[in-house]
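Take a look at the structure below.
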Protein chains: 2
Amino acid sequence: MTAAERRERQRAERHQLIITAARELAEAEGWEAVTTRKLADRVEYSQPVLYGHFANMEAIRDAVAVECIAEMAEQLHEARQAAPESDAIRAVCTAYLDYAAAHPAAYQAMFTLPTKVKFAHAETPAPLRQAFNEFVSAFGPYNDRNAALAELIWGSLHGMAVLLKSGRIPEDAQRQRLDLLITLFAKAPA
Amino acid sequence: MTAAERRERQRAERHQLIITAARELAEAEGWEAVTTRKLADRVEYSQPVLYGHFANMEAIRDAVAVECIAEMAEQLHEARQAAPESDAIRAVCTAYLDYAAAHPAAYQAMFTLPTKVKFAHAETPAPLRQAFNEFVSAFGPYNDRNAALAELIWGSLHGMAVLLKSGRIPEDAQRQRLDLLITLFAKAPA
DNA sequence: ACAAGATTCTAGCACTGCTAGATTTTGAGG
DNA sequence: CCTCAAAATCTAGCAGTGCTAGAATCTTGT
């Protein structure tokens, strides 16, 4: 049965190849350039092969989104670990905004383009949960209150990330705003 | 010159007709159903007429977005006026979330679908400015600090609105979260 | 009443996501 | 080492998209 195993492995490799190619294409030319034909060209297979791996184009974008969320979750984790506990919130927030700025196409796939990825739901993929937990941990142990704080600060950060890209807030204003945000959430009355 | 005037007026009416039709179609069948052909059918003209009024499909959606933002701005204003000053923040926030919940297609056009509408920018359309100012006013007179608070709370509300739709947070959890958010921002240290 | 100009439509291009059916490749079993 | 079914892959095409050139129609000042 090694033949079957090999085929399974090759299939998995190609699955990843598609995701990687889609991400690269999106980062190079934007998501509107990620079409079935261009993507098929890039992975050197015909279009129908894509549908052997994913239900449709949206599923491919969602797969990229989940992969990028995992990547971001890891960076949030590292940032939080590297900082003193008193600065955990700032570290995670900064890492979040940095990721959004450094990977615009990825961020778009994650949080602004239409997606079937579930948030705060039973089917929420593990990487998304991990990313969320980094925010919760920055506030302290997991409980309802800290989860709610995490959710709210995430929302604010998303707002900032969007404004930063579309409205081009000046750099220093951006920093002041982050300071204010952290002050509000850090000094949250119990 | 009354003939030319009449034509100008009819042209303006048709312009509005297109926007209204696009909005109705989006609210009835979702934005993916708003195609040039369906829209042309609905306004009882051929497709090229649309391009006499708008540069492209995205411009039509943006026009709907701006119209809806104006509508929302008005509701925010009314909510703020009707409430005692001490409850201004809560009133505006609640009105915001209510609008998002009541007009999902409109909210999508405003803040989740790709758009060319500028935020926090010299070209920001007046209605968007007005809506933003309602948030600022809820915090007090217009100044950098209150503007920053407005921006941040708007971001959080947007996060809540998205989670509410995609992740279906239970109703009461939603209310608790809003209470927490208001507490954080109302008790903002100077 | 007519010609010039504005307006509107028909028809079609180049692209999209997606798929049925033909074609090739693969890998057991004889 | 063949054979030949099954698996994998591709070719070709459908129905739909946004958008537009050029033909047809309708308006209007003279």
Side-chain angles (χ1 to χ4, degrees), chain A residues 1-19 21-23 25-26 28-65 105 108-109 113-117, chain B residues 1-19 21-23 25-26 28-65 105 108-109 113-117:
Chain A
M1 278 296 140
T2 47
E5 275 171 22
R6 194 204 63 222
R7 280 152 76 148
E8 197 51 45
R9 198 183 61 236
Q10 287 177 334
R11 196 184 148 75
E13 277 168 18
R14 198 170 58 177
H15 188 92
Q16 184 54 47
L17 181 65
I18 294 170
I19 295 176
R23 180 175 176 178
L25 198 49
E29 307 179 34
W31 279 106
E32 75 284 353
V34 184
T35 67
T36 54
R37 278 172 247 274
K38 279 193 195 168
L39 190 52
D41 255 29
R42 203 157 171 131
V43 298
E44 296 181 304
Y45 282 98
S46 63
Q47 297 174 64
V49 176
L50 303 176
Y51 293 89
H53 289 271
F54 299 93
N56 50 41
M57 206 55 199
E58 194 186 343
I60 295 178
R61 218 178 42 214
D62 284 354
V64 173
Q108 224 182 339
L113 292 180
T115 177
K116 287 214 159 27
V117 178
Chain B
M1 277 299 142
T2 46
E5 276 171 22
R6 191 204 65 221
R7 279 153 74 151
E8 198 50 45
R9 198 183 61 235
Q10 287 178 332
R11 196 183 149 75
E13 278 168 16
R14 199 171 57 178
H15 188 92
Q16 185 54 49
L17 182 65
I18 294 171
I19 295 176
R23 180 177 177 177
L25 199 48
E29 307 180 36
W31 279 105
E32 75 285 352
V34 183
T35 68
T36 55
R37 278 170 246 273
K38 278 193 196 168
L39 189 52
D41 255 29
R42 202 156 171 132
V43 297
E44 295 181 305
Y45 282 99
S46 62
Q47 298 174 65
V49 179
L50 303 176
Y51 293 89
H53 289 272
F54 300 94
N56 49 43
M57 206 56 200
E58 194 186 343
I60 296 178
R61 217 177 44 212
D62 285 352
V64 172
Q108 223 182 340
L113 293 180
T115 176
K116 289 216 159 23
V117 178

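Order of the sequence lines sets the chain letters (A, B, ...), proteins ahead of strands, with each chain counted from 1. Atoms considered below: every heavy atom in the structure, side chains included; atoms not considered: hydrogens, waters and symmetry mates. Just so it is clear, the model here is predicted, and its values are computed rather than measured.
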Polar atom pairs between nucleotides 11-16 of chain D and protein, under 3.5 Å, N or O only, would you list them?
none

Contact summary for [X] and [Y], nearest pair of heavy atoms:
X: B:Ile19; Y: B:Ala63; value: CD1-CB, 3.8 Å
X: B:Ala33; Y: B:Leu25; value: O-CD2, 4.1 Å
X: A:Pro114; Y: B:Leu113; value: CG-CD2, 4.5 Å
X: B:Val64; Y: B:Ala22; value: CG2-CB, 3.9 Å

Return the [atom1] to [atom2] distance between [X] and [Y], rounded to the nearest 0.5 Å.
X: A:His53; Y: A:Gln16; atom1: NE2; atom2: CD; result: 11.5 Å
X: A:Tyr45; Y: A:Ile18; atom1: OH; atom2: CD1; result: 9.0 Å
X: A:Arg9; Y: A:Arg11; atom1: CZ; atom2: CZ; result: 14.5 Å
X: B:Lys116; Y: B:Arg61; atom1: NZ; atom2: CZ; result: 9.5 Å

Fill in the dot-bracket string of DNA chain D, one character per base: . for unpaired, | for a pair to another strand, ( ) or [ ] for pairs within the strand, taking Watson-Crick or G-U pairs under 3.5 Å.
-> ||||||||||||||||||||||||||||||

Take atom [atom1] of [X] and atom [atom2] of [N], then tell me their distance rounded to the nearest Å.
X: A:Tyr51; N: D:dC10; atom1: OH; atom2: C1'; answer: 15 Å
X: B:Arg14; N: C:dA6; atom1: CZ; atom2: C1'; answer: 12 Å
X: A:Glu29; N: C:dC15; atom1: CD; atom2: P; answer: 14 Å
X: A:Leu39; N: C:dT16; atom1: CG; atom2: P; answer: 12 Å
X: B:Ile18; N: C:dT8; atom1: CD1; atom2: P; answer: 10 Å
X: B:Met57; N: D:dT17; atom1: CE; atom2: C1'; answer: 10 Å
X: B:Glu58; N: D:dT17; atom1: CD; atom2: C1'; answer: 15 Å
X: A:Leu50; N: D:dA8; atom1: CG; atom2: C1'; answer: 14 Å

Phosphate OP1/OP2 of C:dC18 contacted by A:Thr36 side-chain N/O (<4.0 Å) =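 A:Thr36 to C:dC18 OP1/OP2: no side-chain N or O under 4.0 Å.
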
Side chain to side chain contact (heavy atoms under 4.5 Å, CB included) between A:Thr36 and A:Tyr51: does it pass, once the steps are laid out?
-> CA-CA 10 Å; A:Thr36 54; A:Tyr51 293 89; 3.3 Å; yes

Checking all strands, does B:Arg11 fall into the base, sugar-phosphate, or nothing category for heavy-atom contacts under 4.0 angstrom?
->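 Nothing: the residue B:Arg11, judged by heavy atoms under 4.0 Å, touches no strand.
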
